[in-house]
Undergrad: 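Just dropping this structure here.
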Amino acid sequence: MQVLKKYRNPELIKPMLNEISELSQKLDEELKLMEVCGTHTMAISKYGLRSLLPKNIKLLSGPGCPVCVTSQQEIDEMIALSKMPEVIVTTFGDMIKVPGSNSSLEKEKSRGADIRIVYSPLAAVEIAKENPEKIVVFLAVGFETTIPVIAAALEEAIEEGIDNFKLFVAHKLIPPALEALLNDNEVKIDGLICPGHVSIMIGSKAYEEVVNRYDLPAIVAGFEPLDILDGVKGALKQKVEAQVEVEDKVKAKVENRYGRVVKDEGNQIAQDLIRRLYQVVDTAWRGIGIIPNSGLELRDEYAEYEIRNVIDLDVGDSNEPQGCSCGEILKGIKLPYDCQLFGDVCNPQHPVGPCMVSSEGSCAAYYKYDRR
Amino acid sequence: MCLAVPAEVIAIDGKHAVVDLNGNRTEVGIKLVPDVEVGEYLLIHAGYAINKIDAQEAKERIELLEEFYAGLEEIS
Ligand code: SF4
């Protein structure tokens, strides 16, 4: 699609940066924006946008890297699962290097465990079809972008009668996590750059509650440099307007600046599919703890497709890696530079925590593109 | 993990479509975006189309920016 190339056009990026810079001079105080999505974090680092923005606008990474927020216990359970001879574990590549309390999927693979990286859950369904004597488990991590995709693959497996295909459901939901973050006194954010592709599914309306309750701008943005800067500009404009002392103060609002794919209502088919298969439950996030109504579990009718209902995985106590600050980084309280292990001890070859493993983790993004 | 890429629809076959993804032909699931047509652009995530890309909207938005900044230049 030729027109999308224009969203990288330096001839447009430059004047937009100028506009942002001019506007930023009107700010009374520093503006801290959280880019919720790990794919945004990666894009921001890749295009070097952090250093191009005025000093009084800070972009902080949020909890939007699925691998990073998966709890240590879930990681340990996945590793325990991979050691079972009757099981083939299928997973997105990001998961494989994440350190558990004592091992990782990668280590188990080198010891002979059957762990296969797939690009799509459909490929995992194929593996199940080809290996009827095995239980083929797909590690279902991911947010609202990925949830319906995996649900669709599960439904296709069920329709085809492939009942050796199972899920390890570790999905997480974004709006309840935003709510939890904004409720946390330690967290200081003035605006949100909302995850573009999560928003395709849930719709830009899904942020209205949070925006109204906490009175902060939320901008749905795409992933090209111009999209991201446009998102920053949107939040900045709202902030500057809100500074003016008038009686009828303008309320913060949700703006959809990614209209070429995001609609207000989201993707109804995806939403219906999720509702059909899943019910909402409380779940634990790394660094944040249990967030009410932020996870999913297969409904009773589909419970047999959850591997933990088939195999008992008792892993005992799980320990998060010592000295790792992933939890605080996910909340925007710390930057990767603030971690003493960043760089020398912890790097993509020898990751200590998940934020360095996933290509979308803040530590990995900063290591690759933003190292001081 | 939420990475998604644009691809053009080449052919449709029930629940799946063949798309041109950066010059490679691949099959993707269209369960979440059922009413696609050949020639349309889809956003692909983990082997599935997650939505159509509104080409008109993409064009209008960028033209708006182009005009806006061209206008600014004339003033200054
Ligand atoms: S640099 Fe490594 S140890 Fe430090 S927070 Fe990031 S992932 Fe954890």
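To find a chain, count down the sequence lines: A is the first, B the second, and so on, and within it residues start at 1.
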Undergrad: Counting only non-hydrogen atoms closer than 4.5 Å, does A:E156 touch chain B with its backbone (N, CA, C, O), its side chain (CB onward), both, or neither?
TA: both
Undergrad: Name the option with the most non-hydrogen atom pairs under 4.5 Å to chain A; the candidates are B:K15, B:Q56, B:E8.
TA: B:K15
Undergrad: Under 4.5 Å, counting heavy-atom pairs only, tell me which of A:P148, A:C37, A:P195, A:G196 racks up the most with chain B.
TA: A:P148
Undergrad: Please flag which part of A:N18 lies under 4.5 Å from any non-hydrogen atom of chain B: side chain, backbone, both or neither.
TA: neither
Undergrad: Whether A:R260 and A:D227 form a salt bridge (side-chain N of Lys/Arg under 4.0 Å from carboxylate O of Asp/Glu) is what I want to check.
TA: yes
Undergrad: Could you look at A:V198 and say if it's the side chain, the backbone, both or neither that has a heavy atom under 4.5 Å from chain B?
TA: side chain
Undergrad: Which is it for A:S294 and A:W285 under the side-chain hydrogen bond (donor to acceptor under 3.5 Å, both in side chains) test, yes or no, and what are the steps along the way?
TA: CA-CA 9 Å; A:S294 69; A:W285 296 55; 2.8 Å; yes
Undergrad: Can you establish whether the number of heavy atoms outside A:K237 located under 6.0 Å from its atom NZ is more than 12?
TA: no
Undergrad: With a 4.5 angstrom heavy-atom cut-off, is it the side chain or the backbone of A:A151 that approaches chain B, or both, or neither?
TA: neither
Undergrad: Do you see a donor-acceptor pair shorter than 3.5 Å between the side chains of A:Y207 and A:S199?
TA: yes
Undergrad: If I measure from the heavy atoms of chain B, does A:L12 come under 4.5 Å with its side chain, its backbone, both, or neither?
TA: both
Undergrad: Counting heavy-atom pairs under 4.5 Å with chain A, which one of B:P6, B:A49, B:A4, B:A7 comes out on top?
TA: B:A4
Undergrad: Does any backbone or side-chain atom of B:L65 lie under 4.5 Å from a heavy atom of chain A? Answer side chain, backbone, both or neither.
TA: both
Undergrad: Looking at A:M201, A:K14, A:M16, A:E144, which one has more heavy-atom pairs under 4.5 Å with chain B than the rest?
TA: A:M16
Undergrad: Are any of the side-chain nitrogens in A:K6 or B:E66 under 4.0 Å away from the carboxylate oxygens of its partner?
TA: yes
Undergrad: Does the A:N267 side chain pair with the main chain of B:I50, one donor and one acceptor, at a distance under 3.5 Å?
TA: yes
Undergrad: Are the charged groups of A:E155 and B:K31 less than 4.0 angstrom apart, N to O?
TA: yes
Undergrad: Measuring heavy-atom distances to chain B, does A:E159 have an atom under 4.5 Å in its side chain, in its backbone, in both, or in neither?
TA: side chain
Undergrad: Heavy-atom distance under 4.5 Å to chain B: side chain of A:I150, backbone, both or neither?
TA: neither
Undergrad: Measure the acute angle between the ring planes of A:F223 and A:H197, then classify it against the limits of 30° and 60° as parallel, tilted or perpendicular.
TA: tilted
